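The block underneath contains the structure these notes are about, expressed in structure tokens.
So that the names make sense, note that chain A is the first sequence line, chain B the second, and so on, each numbered from 1. Everything quoted here is computed from the prediction, not taken from an experiment.
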Amino acid sequence: MEYNFSDIEQKWQKAWNDANAYAVSNESDKPHYYVLDMFPYPSGAGLHVGHPLGYIASDIYSRYKRQCGFNVLHPMGFDAYGLPAEQYAIQTGQHPEVTTNKNIERYISQLRKIGFCYDWSRSVKTCDPQFYHWTQWAFIQMFNHYYDNVAQKAKPISELVARFEREDPTWATLSEREQQERLMQYRIAYLADTKVNWCPELGTVLANDEVSEGLSVRGGYPVEQRVMRQWCLRVSAYAPRLLEGLDRLDWTDSLKDTQRNWIGRSEGAEMQFDIKKHPSGSPLKGESESEAPITIFTTRADTVFGVTFMVLAPESEYVGRLTTDEQRAEVEQYLAWVKHRTERERIADRKVTGVFSGSYAINPLTNAEIPIYISDYVLAGYGTGAIMAVPAHDSRDYAFAKHFNLPIIPLIEGADVSEQSFDAKEGKMMNSGFLNGLDVKDAIAKMKEYITNTGIGRVTVNYRLRDAIFSRQRYWGEPFPIYYKDGMPYPIPEDCLPLELPAVTEFKPTATGEPPLGHAQVWAWDEKNKKVVDKKLIDNKSVYPLELCTMPGFAGSSAYYLRYMDPHNNEALVSRQANDYWQQVDLYLGGSEHATGHLIYSRFWNKFLFDLGLVCKDEPFRKLINQGMIQGRSNFVYRYIGEGATGNLYVSYNLINNPEYKDKVQPIHVDVNIVHNDVLDITAFRNWMPEFKNATFVFADGTSSEVEDNPYLGAAMPKQYICGWAVEKMSKSMFNVVNPDDVIANYGADTLRLYEMFLGPLEMSKPWDTNGIDGVHRFLKKAWNMYETVTDEQPTKEEFKSLHKLIKKITWDIENFSFNTSIPAFMIAQSELAALKCNKRAILEPFAILLAPYAPHIAEEMYHRCHSLNAQPSTLNSFVIDAQWPELNEAYLVEDTQKYPVQFNGKVRFTLECPKDTPKDEVEKLVLAHEDTARYLAGNAPKKVIVVPGRIVNVVM
RNA sequence: GCCGCGAUGGUGGAAUCGGUAGACACGAAGGACUUAAAAUCCUUUGGCCCGAAACGGCUGUGUGGGUUCAAGUCCCACUCGCGGUACCA
């Protein structure tokens, strides 16, 4: 009976589809379970074998949970907005919607072939107006709410207005515009002039997590700093809750640590430094203003006695008023220089730069006059944008002090600061007045007490987490549901949503530098008629301009997991009922690259919706697992470049270190798809690219003749060319991309699924190496052969033992996400059962059920064969996915005898077999009486005999 | 620099609670079947040593120490690799 995987897989995929087997209902008596894969971006290249790794794992888990009696929600959709489609549109004029939909089609067809149990009727895509309706809606809610820092939750902006009306007599005197401006400082979605990462090549701003090392993550283009008016989300308000919420999540420690670092809580103190009154009268802007103290933030309050200068960030508002007339020209020159520097230059070039402001501050403890500098090593966005510099105990301050020849006062006993600073928070204080002799930790506490009591400062907490910049000067994203009246933003009414993305013919910025939506003709808001109208009608009386920016990539992916609970709801993002049933994502699988982007934003978004009482859980993802990356495994041919090289001779890998070829060959990437088990397909290679058409080879045997005479056959057999290999990123340019479609065509989806799991632990990254796939495929063939005839005979004890060993192992593995170890367990069970010639339904049916989560197609066919050899799907109305997970009966696993490995001084010498439950001292006697014991004791008396019941014996001499 | 993860045969990996290291698979070598090949099946396969043979000895989980009757597993110090992050005061 041949294992025809292609027929089997097509047959059952159709049957499942026809029967709607994977549709999930929100109404069920069963317990619920929600398994989610991270939203893929449908790239033009389609899926490669790395993508399905996590999907296969989550599919196995989903199927297992369903077989255990859960109602399992397991959806899939697409993060459809994004830069690549738009870049492609700019280059080709092809509308991004067209390419995006094409790519989605391709993804869906590839995913379907792998046999996932997704409920496709719940699929969503972010560029669908029915979907982004709720993205826009959430944005309006954020616009209409502020964060109450006392209550630690979002509240309606109307409550704030009411408070202003009640408590602030000036409120009523403000104009509408002034009132709006004031409210803008509180809204969770707000407009602000912020320093942004501007990417000129992409023509848009980017969030911090979209920039890496001064280059855009997508595309790798340079990024510079620019101040622009942008929509922002007040994520920072949620920093304490985002931090504290991590403690209750079942995520890996490494991921939680990454988020903790990104949120960056630091406890410290704000402290005020008085400004020295300038002797020459009034060189500063205004007498009283110039003398107002400046506030700094420090985590090292203990080091105040060692402050020898202060530094302001170039963007600090203190800069203007502290710059003296004498220094003004120099300061302005420095500020100009800082401003034109790109982020990349800043990272690449860490040399000390800065300028003296001309002013002095007074150290509140020593009363010393200390100069105030301006330097870009101090960041405007963190703390107060001003620092007290303690060169002896901060390496950055140290470098600055050395460069400008400023004094360095050591504060910790025994610290040598002649060559470098001593940054560690340990040791005993000195040169520090009343702190002398204290440990650093105690000194910090004492100093905090002192500054609180004297009123020169206060204890505070700072967070590194910044507000998210939410505007993109791009076309292919969600439009903001916002129009501008007198320069101030107003949301369009909620019942007018979705505000659909208008058609444009040009995807580049306009000639006047407006974002691409500037090209849209029908893009103005008619307030009276509540509709989008032609721009020509803008009169700023009843027709107003609409926002031209669109939302960033993370907008659509921040709440999509809620939408799957209730994907067709036209009244709400998710109904209360649906949300109460599913609650939250129980298991979330995806890559760790989303640690500081998506996983922060969606936690924020979810907490906001929670504050509004719209979702029942304040965290979206209860348990999260990161699957490892699948790296590429590249193959190489070795072009001969030594003497007499024709440029078309290739040396087999096993020969390249021979003297005649060593250092005379050049490795060239070769498409891994024309290499099998590191052996090159010569014909395919010659046809691969024109330059290889006339390739000649030195084969593995060291000769160049292409064939070997075959003594048995008139014909000749081809010889082998061995390729070298290396592990690299999977990418087109390395010719190491493997497409799951090809694997499925050659081996079937079940083999692909099994093999991806077989490669190694889910969380670890590993190269895709097809070399082992034959073994997994052979296992399926052998398993398949067991089902040729199925009988109703009673199984033997041994057969039951094999089965129940397998039940125990597979159940444990799935519960613990150890999918790689299940495959050998199946192989072992198969070979045991085959050796016993087992063809009994009582064994083979549970075997098929156990295999079903891993290899659903073949398992379905096996399951049906157990019922009738010729059963058709129509005659059997149940699928293996609904078959009850087999129950473990430990009784079958109990052995009559116990085997003890017997060690002498920790080395295993022989094995002792004795009846089960032999008492400890009896085992000891048996060991000492054993015929081999005397030999290993070699005349020594045993000092001690350790018997671990059921495990091992160790004789200590 | 800081944080996290990892290192086990020729290769991917297993050893789940400190208890027989190398399961399972690939590859390789040898054999059976075959006119031949493919497919399939069987045997061997960490290294070294002794031997006619053995259920013979030694050694062995990145390096160096330690704890323990017993360490791939726990502790300390280090090396290398991977990922993240970086003037965050």
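- An OP1 or OP2 oxygen of G56(B) is reached within less than 4.0 angstrom by no side-chain nitrogen or oxygen of R935(A).
- Residue V948(A) is in base contact, counting any heavy-atom pair closer than 4.0 Å across all strands shown.
- Dashed line: the shortest gap from a side-chain N or O of R909(A) to OP1 or OP2 of G57(B) is under 4.0 Å.
- Within the nucleic acid shown, F910(A) has no heavy atom closer than 4.0 Å to any nucleic acid atom.
- At least one side-chain nitrogen or oxygen of N820(A) sits closer than 4.0 Å to the OP1 or OP2 atom of A14(B).
- Comparing U68(B) with C75(B), their P atoms are spaced 16 Å from each other, to the whole Å.
- Contact annotation for N816(A): no contact, since no heavy-atom pair falls under 4.0 Å across all strands.
- Side-chain N/O atoms of N771(A) and base N/O atoms of C26(B) include no donor-acceptor pair closer than 3.5 Å.
- When heavy atoms are screened at a 4.0 angstrom cut-off, R260(A) is found touching no nucleic acid atom at all.
- Regarding contacts with the backbone of C3(B), every side-chain N or O of S254(A) stays at 4.0 angstrom or more from both OP1 and OP2.
- Contact annotation: Y377(A) does not reach the phosphate of A89(B) (side-chain N/O to OP1 or OP2, under 4.0 Å).
- At a threshold of 4.0 angstrom between heavy atoms, the contacts of K782(A) are confined to the sugar-phosphate backbone, with no base atom among them.
- Among the protein residues, T252(A) comes within range of no part of the nucleic acid, since none of its heavy atoms lies under 4.0 Å from any strand.
- At the heavy-atom level, P767(A) lies nowhere under 4.0 Å from the strands shown.
- Using a 4.0 Å heavy-atom distance criterion, V945(A) is classed as making no nucleic acid contact.
- Using a 30° and 60° split on the angle between ring planes, F699(A) and Y721(A) fall in the perpendicular class, above 60°.
- At the heavy-atom level, L379(A) lies under 4.0 Å from base atoms of the strands shown.
- A salt bridge links R633(A) with D678(A): at least one charged nitrogen is closer than 4.0 Å to a carboxylate oxygen.
- Comment: E895(A) engages K801(A) in a salt bridge, judged by a side-chain N to carboxylate O separation of less than 4.0 angstrom.
- The pair R260(A)-D247(A) meets the salt-bridge criterion, with a side-chain N (NZ, NE, NH1 or NH2) lying under 4.0 Å from an Asp/Glu carboxylate O.
- Atom C1' of G22(B) sits at a distance of 13 Å from the matching atom of G12(B), rounded to the whole Å.
- Contact check for I372(A) versus F309(A): no side-chain heavy atoms found under the 4.5 Å cut-off.
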